[in-house]
*Asks:* 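Sending over a structure as structure tokens; questions will come in a sec.
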There are 2 protein chains.
Amino acid sequence: MSRVRLVEVAREAGVHPATASRALNPNARGEVNQRTVQRVMRAAERLGYVPNTLARGLRTSRSFVAALVIPDITNSLFPPIVRGAEQVLSGAGFTLVLTDTNNDLEMERGQVASMRAHGVDGFIVATARWQDPVVDELVSAGIPTVLVNRRCREASLPFVGSDDQRGVRLCVEHLAALGHREIVHLAGPADTSTGRERAVAFRAALREHRIPVRSSVIECAAYSEAAGVEAAQRLLAGGRPFSAIVAANDLLALGAMATLGEAGLRCPQDYSLTGFNDLPFMRKLTPALTTVAVPLTEMGAAAARTLLEWIATSGEAARPAQSLLPVELVVRATTGPAPA
Amino acid sequence: MSRVRLVEVAREAGVHPATASRALNPNARGEVNQRTVQRVMRAAERLGYVPNTLARGLRTSRSFVAALVIPDITNSLFPPIVRGAEQVLSGAGFTLVLTDTNNDLEMERGQVASMRAHGVDGFIVATARWQDPVVDELVSAGIPTVLVNRRCREASLPFVGSDDQRGVRLCVEHLAALGHREIVHLAGPADTSTGRERAVAFRAALREHRIPVRSSVIECAAYSEAAGVEAAQRLLAGGRPFSAIVAANDLLALGAMATLGEAGLRCPQDYSLTGFNDLPFMRKLTPALTTVAVPLTEMGAAAARTLLEWIATSGEAARPAQSLLPVELVVRATTGPAPA
DNA sequence: GTGAAAGCGCTAACAC
DNA sequence: GTGTTAGCGCTTTCAC
């Protein structure tokens with residue numbers, strides 16, 4: 001809590017609190033005499049005045065706080081998004097409140113309620129499920145909300161993500177060019193837009209390359225190494241021949257590689273493998289992972305900019321802009337020519 | 001901003017706002033008739049009442065918000081700390097505001113001021129410099145503040161960190177047992193407690209093992225791979241013979257390994273290497289990094305608990321407890337017998 | 001056990 | 001250009 005109040009600054013400067021308030025507020029400063037402004041600012045400086053944003057917020061119903069909802073901050077995918085968002089937000093004088101929901105819907109619900117109680121001006125949500133009751137609540141409450149990374153089924157909110165379709169197509173093209181014809185997809189969970197859309201893009205890409213779409217999609221329960229392990233076990237058990245795997249993200253790829261390695265399959269000699277996201281240490285692994293690089297920091301920044309814009313123009317109807325950031329295939333050691 | 005106000009709940013329940021307030025407040029609930037409590041809670045539920053924490057905070061000068069100051073969220077060291085802190089905080093009904101200072105003092109100063117303006121109840125600081133003006137301000141303002149991971153010179157605040165001395169000693173012991181006698185330390189920056197204390201511990205450990213402490217400490221400008229690269233270049237240029245390197249953290253170790261590799265030195269055949277922190281993918285590298293595992297999530301959680309305790313007992317004098325969490329040496333492939 | 005009244009620190013109409 | 005007044009939504013003495 002701030003110690004010295006506006007009244008005291010006003011007294012020190014020999015003016016009325018309202019005048020001091022105007023002098024300190026950049027927007028209202030014009031209505032005040034230059035010399036008075038000086039006097040007030042001096043007094044504020046001298047007393048070490050820190051304005052009480054709560055009181056201001058109570059009066060103006062603006063808090064200059066934005067909330068960011070993350071499923072798991074220890075997943076390296078999210079820190080860059082947080083960073084991008086924080087940079088933009090703090091640059092605009094906003095404070096970021098963060099919650100890590102641990103992928104738990106009830107936790108998320110509680111945290112979002114608590115943040116609303118704190119009067120946050122808007123939300124950036126990175127946890128969106130394909131059908132998401134929490135997001136629905138935000139929508140119907142009319143709170144400025146931007147979806148990042150994952151979106152919901154109905155496109156009623158602005159969304160900033162990556163061009164997943166292109167990313168997956170680049171993977172398939174690359175593998176096809178290497179001669180692969182037996183390509184399998186380790187799909188992300190069906191309750192995420194990324195899981196669904198990457199799978200759709202995968203099937204489409206196979207068709208483009210006239211590769212029959214057989215039982216070539218294996219859905220994973222989560223975006224984790226453990227889920228990748230489990231999926232690879234199913235793949236092996238299924239007996240379906242394959243020479244390449246397109247994993248829906250890097251973690252799944254890593255889990256799969258570990259399991260297949262234990263089964264005696266070497267990458268890239270016996271099979272090729274691609275990931276998605278290009279997490280920090282992927283290029284340091286042996287073999288280094290071929291994957292799709294996504295501009296994560298920019299994604300967070302763009303989401304924050306979109307949110308700020310919405311907040312600033314709160315009068316107008318919010319038109320849900322969907323923005324897909326460009327991705328890039330990074331070819332490394334896990335992809336090679338198809339075995340003869 | 002919350003829509004429905006307490007007055008409306010009160011009207012709906014047919015009671016005075018003050019009564020509704022008491023009924024909704026767990027601490028004051030006892031003063032109200034059981035049946036009235038029921039009636040009010042029903043009404044609140046029905047109307048979807050979300051209390052306005054700002055207004056409450058204005059009245060009680062408590063915000064139930066804690067701030068976490070992080071130097072760089074994209075450094076994998078910090079996400080687990082954030083997660084641990086967030087879990088404890090949200091479990092206690094607190095909200096976490098996060099700032100990523102990008103290691104920039106001015107940025108930090110501004111963000112801390114802004115958070116103070118928002119009336120946060122306390123700070124967890126992971127950016128502490130050995131001499132830190134921002135922390136000093138927090139101290140003299142009497143705001144509950146806990147240092148995590150890094151501490152300041154004067155121990156005037158509670159601190160939760162890792163047992164660095166033990167960690168470094170374990171590294172040196174391990175290397176000495178493998179026959180290494182020419183051990184070099186890549187020290188962290190001198191403006192961090194970890195940099196200083198690990199270096200001190202290193203020298204002490206050498207002495208314990210009767211290894212002469214020559215020009216065996218190279219200070220790095222930052223805790224980054226780039227700084228590790230640069231330090232390794234200086235090491236090579238200096239011409240000092242070495243068979244093992246104790247790096248002050250994993251990133252420095254990685255940078256050094258890359259540079260030494262380019263110079264034709266193989267790890268662990270030509271030299272051994274240890275890191276510190278055991279970041280997520282260290283065990284997946286080739287060779288996998290021998291390093292010191294630190295309970296990072298627990299560190300964040302412990303810091304949060306310490307802060308909450310301070311906030312709860314704000315009347316009493318805060319006694320700065322320094323708590324060092326146990327560490328563990330994880331032996332992997334980067335350490336081997338000393339070359340003959 | 002419940003109502004009345006005051007006020008947390010600030011800002012926005014409205015006067016002058 | 002500056003002072004006056006009222007009130008954001010809530011809690012908390014103090015009466016009753």
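Below, chains carry the letters A, B, ... as their sequence lines are ordered, and counting in each starts from 1. Predicted, not measured: the structure shown is a model, and the values here were computed from it.
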*Asks:* Salt-bridged, B:Arg11 to B:Glu8, with N to O below 4.0 Å?
*Replies:* no

*Asks:* Can you tell me the distance, in whole Å, between the CG atom of A:Leu58 and the P atom of C:dC10?
*Replies:* 12 Å

*Asks:* Would you say that more than 12 heavy atoms from the other residues, nucleotides or ligands in this model lie under 6.0 Å from the CZ of B:Arg42, or not?
*Replies:* no

*Asks:* Could you state the CZ-C1' distance from B:Arg59 to D:dT12, rounded to the nearest angstrom?
*Replies:* 5 Å

*Asks:* In terms of side-chain heavy atoms of B:Thr36, which of D:dT2, D:dG9, C:dG1 is nearest?
*Replies:* C:dG1

*Asks:* Nearest whole Å is fine: how far is D:dT13 C1' from B:His16 NE2?
*Replies:* 13 Å

*Asks:* Check whether any side-chain N or O of B:Tyr49 sits under 4.0 Å from OP1 or OP2 of D:dC10, and answer yes or no.
*Replies:* yes

*Asks:* For B:Ala55 and B:Ala18, find the nucleotide of DNA chain D closest to each by heavy atoms; which residue's nucleotide sits nearer the 5' end?
*Replies:* B:Ala55

*Asks:* If you assign each of B:Pro17 and A:Ser21 to its closest nucleotide in DNA chain C, which residue comes earlier from the 5' end?
*Replies:* B:Pro17

*Asks:* Any chance you could lay out the salt bridge (Lys or Arg N to Asp or Glu O under 4.0 Å) test for B:Arg153 and B:Asp132, step after step, and finish with the verdict?
*Replies:* CA-CA 9 Å; B:Arg153 191 154 63 91; B:Asp132 197 315; over 6 Å; no

*Asks:* Tell me the interatomic distance from B:Leu54, atom CG, to C:dC8, atom P, rounded to whole angstroms.
*Replies:* 17 Å

*Asks:* Return yes if the base of D:dG3 and the side-chain atoms of A:Arg22 contain a donor-acceptor N/O pair under 3.5 Å, otherwise no.
*Replies:* yes

*Asks:* Has A:Thr60 got a side-chain N or O lying under 4.0 Å from the OP1 or OP2 atom of C:dT11?
*Replies:* no

*Asks:* Starting at atom CZ of B:Arg56, determine the distance to atom C1' of C:dG9, rounded to an integer number of angstrom.
*Replies:* 18 Å

*Asks:* For C:dC8, does either OP1 or OP2 sit under 4.0 Å from a side-chain N or O belonging to B:Ser61?
*Replies:* no

*Asks:* Grab the CZ-C1' distance between A:Arg11 and D:dG3 for me, whole Å please.
*Replies:* 16 Å

*Asks:* In a check of side chain to side chain donor-acceptor pair (under 3.5 Å) between A:Tyr223 and each of A:Asn75, A:Asn103, A:Thr194, which one passes?
*Replies:* A:Thr194

*Asks:* Rounded off to whole Å, could you give me the CZ-to-C1' distance for the B:Arg39 and C:dT2 pair?
*Replies:* 11 Å

